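As structure tokens, the structure follows; a few thoughts come after it.
Keep in mind it's a predicted model, so treat the numbers as computed, not measured.
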Amino acid sequence: MEALVVYESIFGNTHQIADQIANGLRPTMDVSVTAVGNLTPEMLAAAELVVVGGPTHAHSLSRASTRADGIRRAELPDSERRVDPDAEDPGVREWFESEPDGHGTNAAAFDTRVDMSPAISGRASKRIAKRLRHHGFALIAEPESFLVNRDDRLVVGEAARARTWATTLGQLVTA
């Protein structure tokens, strides 16, 4: 079986989670990880499981303006943030606007968000899941959030939790 983990990342946290999800899936299937800006229709067509994730910005999916704002914040002289190599590429929102055809492919959604109530932070994963369903993907799990602190660093234990979540996804698909 082939899995594809697709991510959008500004400060690298969502990228790290995508890599950990891939590690959790590898015992049960072949896995590719790609930034959404590098995703091709051929990659999507070959996958039997697609896991899509992005950062939560302004309660939802990022936009070009929120990505640009994040990059500007990282470039401030006193910032300790690092910009992910693919941060300036189109994001998950733009990918969905290209009308991908899920043709019934198994899928799951994740996000990274600030460690606070989702009523305050929002959850991009819910929007991703909704759009995956709209485009013909078959969701196999509830959307999942992985937490970052106010300094835009992953909360301790989230990488391990991502691997565990992915192991469960792999078992659901291969059962």
Side-chain angles (χ1 to χ4, degrees), residues 1-57 60-62 84 86 89-96 98-115 118 121-148 153-175:
M1 290 196 90
E2 298 222 10
L4 177 62
V5 182
V6 180
Y7 70 90
E8 168 192 344
S9 191
I10 307 303
F11 302 129
N13 295 308
T14 313
H15 188 164
Q16 288 179 53
I17 292 296
D19 287 341
Q20 293 305 316
I21 289 169
N23 289 339
L25 290 169
R26 283 197 174 97
T28 55
M29 57 189 69
D30 294 329
V31 184
S32 298
V33 179
T34 187
V36 70
N38 299 326
L39 180 61
T40 67
E42 295 78 20
M43 294 165 76
L44 193 59
E48 295 160 282
L49 170 64
V50 177
V51 184
V52 180
T56 301
H57 285 201
S60 190
L61 298 170
S62 75
D84 197 77
D86 298 301
D89 290 349
V92 171
R93 179 184 297 268
E94 290 82 5
W95 175 63
F96 282 124
S98 76
E99 296 293 324
D101 181 7
H103 57 272
T105 302
N106 292 314
F110 73 97
D111 66 34
T112 53
R113 65 176 178 82
V114 175
D115 186 6
S121 69
R123 289 183 61 198
S125 59
K126 284 192 166 194
R127 180 67 61 182
I128 294 168
K130 181 177 179 179
R131 291 189 178 191
L132 285 166
R133 276 192 303 273
H134 175 78
H135 289 287
F137 291 87
L139 288 177
I140 62 167
E142 290 296 315
E144 190 62 54
S145 291
F146 298 96
L147 305 176
V148 299
R153 289 196 168 75
L154 285 174
V155 169
V156 173
E158 291 300 270
R161 199 166 66 77
R163 284 190 308 275
T164 301
W165 181 68
T167 299
T168 302
L169 295 177
Q171 292 168 348
L172 288 170
V173 172
T174 59

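The distance from the CZ atom of R123 to the CD1 atom of I128 is 10.5 Å, given to the nearest 0.5 Å. For the atom pair L172 CG and L49 CG, the distance stands at 9.5 Å (nearest 0.5 Å). Residue S62 holds its OG atom at 3.0 Å from CD of E8, rounded to the nearest 0.5 Å. Atoms OG and CG, from S32 and N38 in turn, are 12.0 Å apart once rounded to the nearest 0.5 Å. Expressed to the nearest 0.5 Å, how far CZ of F110 lies from CH2 of W165 amounts to 7.0 Å.
Listed for the H134 side chain is no donor-acceptor partner under 3.5 Å among the backbone atoms of L132. Looking only at distances, a side-chain donor or acceptor of R93 sits under 3.5 Å from a matching main-chain atom of L61. Side chain of T56 to backbone of A124: a donor-acceptor contact under 3.5 angstrom is found. Formation of a donor-acceptor pair under 3.5 Å by the S125 side chain with backbone atoms of P143 is not found in this model. A donor-acceptor pair under 3.5 Å is formed between the side chain of T164 and the backbone N or O of A160. Of the possible polar contacts, one joining the E94 side chain to the G91 backbone as a donor-acceptor pair under 3.5 Å is found.
The minimum heavy-atom distance between D86 and A35, with the atom names listed, is OD2-CB, 3.5 Å. D84 approaches H15 most closely through the heavy-atom pair OD1-ND1, 2.9 Å. Closest non-hydrogen pair, G170 versus T28, comes out as CA-OG1, 3.7 Å. Closest heavy-atom contact between E158 and S145: OE1-O, 4.1 Å. Taking all atoms of both residues into account, the shortest heavy-atom contact from A47 to T105 is O-CG2, 3.5 Å. Between Q20 and A162 the shortest heavy-atom distance is CB-CB, 4.0 Å.
For the pair I140/V173, a side-chain contact is recorded, criterion being any heavy-atom separation below 4.5 Å from C-beta on. With contacts defined as side-chain heavy-atom distances shorter than 4.5 Å, the pair D89/V36 does not qualify. When side chains are defined from C-beta on, V6 does not count as touching V51, because their heavy atoms never get closer than 4.5 Å. Looking only at side-chain heavy atoms (C-beta outward), Q16 and L154 come within less than 4.5 Å of each other. Looking only at side-chain heavy atoms (C-beta outward), R113 and P55 stay at 4.5 Å or farther from each other. Looking only at side-chain heavy atoms (C-beta outward), M1 and D30 stay at 4.5 Å or farther from each other. In this structure, the side chains of R127 and V92 stay at 4.5 Å or more apart for every pair of heavy atoms. Side-chain atoms of T174 and M29, non-hydrogen and from C-beta on, do get closer than 4.5 Å to each other.
Here R161 pairs with E144 in a salt bridge; the nearest charged N to carboxylate O distance falls below 4.0 Å.
Ring-plane geometry between W95 and F137 is classed as tilted, the angle between the planes lying from 30 to 60 degrees on a 0 to 90 degree scale. Under the 30°/60° scheme for interplanar angles, the aromatic rings of H135 and F96 are found to lie parallel.
Among residue pairs with one or both ends in residues 21-45, none qualify as ring-ring contact (aromatic ring centres under 6.0 Å, His included); sequence neighbours excluded.
Counted within 6.0 Å of CD on E142, heavy atoms from surrounding residues, nucleotides or ligands total 12 or fewer; the atom is thus considered open.
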Walk me through it: do I21 and R163 pass the test side chain to side chain contact (heavy atoms under 4.5 Å, CB included)? CA-CA 5 Å; I21 289 169; R163 284 190 308 275; over 6 Å; no
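Side-chain atoms of T112 and N13 form no donor-acceptor pair, as typed in the model, at a separation below 3.5 Å.
The side-chain contact (heavy atoms from CB on, under 4.5 Å) with L25 is formed by just one residue from the set V5, V33, L4; it is V5.
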